[in-house]
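To start, the structure itself, in structure tokens.
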Amino acid sequence: MQRALNVSRERFADWYQAVVRDADMAETSPVRGAMVIKPWGWGVWEQIQAELDRRIKATGHENCYFPLFIPLSFIAKEAEHVEGFAKEMAVVTHHRLKTIDGKLVPDPEAKLEEPLVVRPTSETIIGDAFSRWVRSHRDLPLLINQWANVVRWEMRPRLFLRTTEFLWQEGHTAHATAGEAVEETLKMLEVYRAFSEDVLAMPVIAGEKPENERFPGAVNTYSIEAMMQDGKALQAGTSHFLGTHFAEAQNIKFQNDAGGMDFCNTTSWGVSTRLIGGVIMTHGDDDGLRLPPAIAPRQIVVVPMLRDKPEDAEVLSYCENLVKALSGMTAFGQPVRVLLDTKQIKSAEKRWNWVRRGAPLIVEVGPRDAAGGNVTYMRRDDLRDGDKIKSIVKPRVDFVEGAVQLLTEIQAGLYADAKARLDANIKRDITSFDALAAYFGEDDGSFKGWVRAPWGKPSGAELEAVGAKLKTLKLTIRNAPGDQPAEFGTCIFSGNPGVEEILIGRAY
RNA sequence: CGGAGCGUAGCUCAGCCUGGUAGAGCAUUAGCUUUGGGAGCUAAGGGCCGUUGGUUCGAAUCCAGCCGCUCCGACCA
């Protein structure tokens, strides 16, 4: 069968790269690990940004912007933070170039007094501002978000999933009490869960990270974890309760209502362009990308079947009217995004381009449709009947009337499929480490998702040992899901009574 | 940074073993034909064969260094 992509999901890593390329999402750049995001990929990010920004503001946060460069001494203030990020930091040491022996090099005379690091995250520089902004308990809570780029010098970059430079939003908040800060941490985790499921149609499991997977400097880290079509987990967003660690390191204090001085409790939380990688690996198929309508830069693409004949004009004006009618409608709270594709290439070529890019509805209009008042359309979420493409012919008025409903159905359908896959692939009958090793250890070609099992929640050296054991199977603890049962079986690592259930899986 | 593989046209790759000045398919451009759907024919454009050096009369081909990419490790809120 002829597919729109020349590699299938059986070779998942190759398939992923093919989708990113053939769906016009992004490409590699001359800078190792840094990507060029192309218009279609950027369009997806803009939709993600716009909707998530609304939700962040709706929960009381305000946007602002902090510098890209952070003085080295700031990073050094929080001990765990330094240790966590030291190995992946880009550092600016000079402010001028000079030609020496015919080579353009950093001018030795222009060395910075104090090196600047390119932010890997902004806790320290935002914390510095917080220490000046917070004076009284009346200044709290301080609820700030910024949309920014950050740099982490990763060993093995992968487009969207782990790039040296990536785009994200990072929320930073300060509170009077630990209770309020924890509440904020969990509130934003829930914002991420709802956003991921309702907007990206990507089901996730929200929960708490084990101690050894915490954000450097955090008291607690929470995550949402999504299951990709190869069974691996993708950490799609994190929310951290930082306690007073950063406040103490950076002197973020306030005068309480009794007149005494208290350290703030702070939080931080973020999601990144990694979400786009998650969408690709959640919804893509062997014909390319399938975009949830809520984030598709174009939800409906109209392809006129032009043949360099006089009736072309009629087809075009028919299409223009169709686009106008559709554009006036509202889906997911926003005007419907429609494109009339008039590019001077073959119509069949256009169709396949939009299939690969994952436009939710592709409408084809030929002279016969125009004459009969019809449209022919394809649903990207339900593209084929066996090998054949499913083309549906409908009266134009009916299509326009039902278009929003169709988009809603596609959104719901993509979510339902992904949700069914997630639910069906969390194995709950593993009761020992040996059974775990047997399940993940042998590669029998079957789909391996995650295991959900009880554990004793060890810490320190004992937890390190558990981590090392899991590592031999390339496994990690993803999180302890928020919804826990009333009673637990025995810990699969120690055989002692369990205290919570955790998800175990391979991860990106 | 360690192990393996790869780098030839926009893309996918052949040629390399056995050195003699560059190929295919798709894509692009032009013309003609075709037209309810990823069309056909003809012609054209496009490559210092990743890079630097070595061996040689001669290197895409053999050798070495470097750079980059992919996979596996290490690393990875």
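Every chain is numbered from 1 and lettered A, B, ... according to where its sequence line falls, protein lines coming before strand lines.
Look at A:D230 and A:R506 and you find no salt bridge, because none of the NZ, NE, NH1 or NH2 atoms lies under 4.0 Å from a carboxylate O.
Rounded to an integer number of Å, the gap from CG of A:L5 to C1' of B:rG38 is 14 Å. For the pair A:E364 CD and B:rU35 C1', the interatomic distance rounds to 14 Å; values are reported in whole Å. In this structure, the CZ atom of A:F241 is 17 Å from the C1' atom of B:rA77, given to the nearest Å. A straight line from CG of A:D230 to C1' of B:rC71 spans 15 Å, rounded to a whole angstrom. What separates CD1 of A:I224 from C1' of B:rA77 is a distance of 13 Å, to the nearest Å. The CZ-C1' distance, from A:F166 to B:rA77, rounds to 8 Å in whole Å. The interatomic distance linking A:D22 (CG) with B:rG38 (P) rounds to 19 Å, in whole Å. For the pair A:M35 CE and B:rG68 C1', the interatomic distance rounds to 19 Å; values are reported in whole Å.
With a cut-off of 3.5 Å on both Watson-Crick or G-U wobble distances, the partner of B:rU70 is given as B:rA4. When Watson-Crick and G-U wobble pairs are counted only if both distances are under 3.5 Å, B:rG47 pairs with no nucleotide at all. Under the Watson-Crick or G-U wobble criterion, with both distances below 3.5 Å, B:rG31 is paired with B:rC41. Pair assignment for B:rC57 gives B:rG20, based on Watson-Crick or G-U wobble hydrogen-bonding distances that are each under 3.5 Å. B:rC11 is paired with B:rG25 under the criterion used here, namely a Watson-Crick or G-U wobble arrangement in which both key atom distances are under 3.5 Å.
Residue A:F215 and nucleotide B:rA77 are not classified as a stacked aromatic pair, given the requirement of ring centres less than 5.5 Å apart at an interplanar angle below 30°.
With hydrogens and angles ignored, no donor-acceptor pair closer than 3.5 Å exists between the side chain of A:E213 and the base of B:rA77.
Defined by atom type and a distance below 3.5 Å, a donor-acceptor pair is present between the side-chain atoms of A:E184 and A:H61.
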Show the distances under 3.5 angstrom between N or O atoms of the protein and N or O atoms of nucleotides 24-29 of chain B.
none

Using atom names, set out every protein N or O paired with an N or O of nucleotides 6-14 of chain B below 3.5 Å, distance rounded to 0.1 Å.
none

Check nucleotides 73-76 of chain B against the protein and report each pair of N or O atoms closer than 3.5 Å, with its distance, or say if there are none.
| residue | atom | partner | partner atom | Å |
| --- | --- | --- | --- | --- |
| B:rG73 | OP1 | A:K474 | NZ | 2.4 |
| B:rG73 | N7 | A:R156 | NH1 | 3.2 |
| B:rC75 | OP2 | A:K471 | NZ | 2.7 |
| B:rC76 | O2' | A:E154 | OE2 | 3.4 |
| B:rC76 | O2 | A:R162 | NE | 2.9 |
| B:rC76 | O2 | A:R162 | NH2 | 2.9 |

Apply salt bridge (charged side-chain N to carboxylate O under 4.0 Å, His left out) to A:D285 and A:R380, showing your working. CA-CA 10 Å; A:D285 67 13; A:R380 185 59 186 85; 2.8 Å; yes
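Distance from the side chain of A:T221 is smallest for B:rA77 among the nucleotides B:rG37, B:rC71, B:rA77. Picking from B:rA77, B:rA39, B:rU70 the nucleotide with the shortest atom distance to the side chain of A:A348 gives B:rA39.
Among pairs with a residue in residues 209-222 of chain A, those fulfilling salt bridge (charged side-chain N to carboxylate O under 4.0 Å, His left out) read A:K209-A:E225, at least two apart in sequence or across chains.
Screening A:E123, A:E170, A:H172, A:H240 against A:S268 for a side chain to side chain donor-acceptor pair (under 3.5 Å) leaves a single residue, A:E123.
For A:E183, there are no salt bridge (Lys or Arg N to Asp or Glu O under 4.0 Å) partners, not counting sequence neighbours. Scanning for side-chain hydrogen bond (donor to acceptor under 3.5 Å, both in side chains) contacts around A:W15 gives an empty result, with sequence neighbours left out.
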